[in-house]
Amino acid sequence: MPGRRIGAVAMTPAQRQARRRARLRRENYTPPAAPARRTPSRPQRWAVAVLIDLQDQYRAWLDNLPASLEGSRLAEQLHAVAELDLEELQAIELPRGCGRD
């Protein structure tokens, strides 16, 4: 429900804005601080460089795997990850609209 009118005739939007600006000047209004920077978008967070770093960690894990686990399923999976060619992903340019606008 709208508030009561101050005058006999409703104010125009320009008059309302002028009244608001005058009130803000009287109150020594300071505008709010700029919003904090947003977190990077998903493609930026999960960049190919992060995948390459993870691959290096898995290679180190595979190199330090105990002899008792060399033929295990874990060793096979680590070997599969270590063999992936992630360098090709660095050459790919994402299209506009994938968080890069």
Side-chain angles (χ1 to χ4, degrees):
M1 192 163 138
R4 295 182 59 176
R5 288 187 185 162
I6 295 175
V9 180
M11 294 185 348
T12 65
Q15 291 170 330
R16 245 185 259 110
Q17 182 65 26
R19 185 178 70 180
R20 173 175 160 65
R21 287 183 179 154
R23 188 187 82 227
L24 292 176
R25 277 192 300 269
R26 282 193 310 268
E27 297 173 359
N28 292 328
Y29 175 76
T30 56
R37 187 174 176 144
R38 300 179 90 184
T39 58
S41 65
R42 188 171 295 174
Q44 291 170 344
R45 287 185 303 199
W46 294 101
V48 178
V50 174
L51 293 175
I52 291 173
D53 289 342
L54 285 173
Q55 187 181 36
D56 291 340
Q57 291 176 8
Y58 287 135
R59 281 185 184 138
W61 187 10
L62 181 62
D63 293 340
N64 296 325
L65 205 61
S68 62
L69 293 176
E70 284 183 9
S72 68
R73 185 172 175 208
L74 173 67
E76 292 173 10
Q77 291 175 348
L78 287 174
H79 188 65
V81 170
E83 288 181 348
L84 289 175
D85 186 16
L86 297 178
E87 301 299 326
E88 293 177 12
L89 290 177
Q90 286 181 328
I92 296 174
E93 291 215 17
L94 295 176
R96 292 292 215 194
C98 292
R100 297 170 41 116
D101 292 353

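Every value quoted in this text rests on a predicted model; they were computed, and no experiment measured them.
The distance from the CD atom of Q55 to the CG atom of L62 is 11.0 Å, given to the nearest 0.5 Å. Atom CG of D56 and atom CD1 of I52 lie 7.5 Å apart (nearest 0.5 Å).
Proximity of L51 to L84: side-chain heavy atoms (C-beta onward) are nowhere separated by under 4.5 Å.
Within the structure, side chain to side chain donor-acceptor pair (under 3.5 Å) contacts touching residues 60-72 (residues at least two apart or in different chains) do not occur. Sorted by first and then second residue, the side chain to side chain donor-acceptor pair (under 3.5 Å) pairs with a member in residues 73-83 read H79-E83; sequence neighbours excluded.
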Quiz: residues 13-22 side-chain donor-acceptor pairs under 3.5 angstrom, not counting sequence neighbours:
{"residue": "Q15", "atom": "OE1", "partner": "T12", "partner atom": "N", "Å": "2.9"}
{"residue": "Q15", "atom": "OE1", "partner": "T12", "partner atom": "OG1", "Å": "3.4"}
{"residue": "R16", "atom": "NH2", "partner": "M11", "partner atom": "O", "Å": "3.0"}

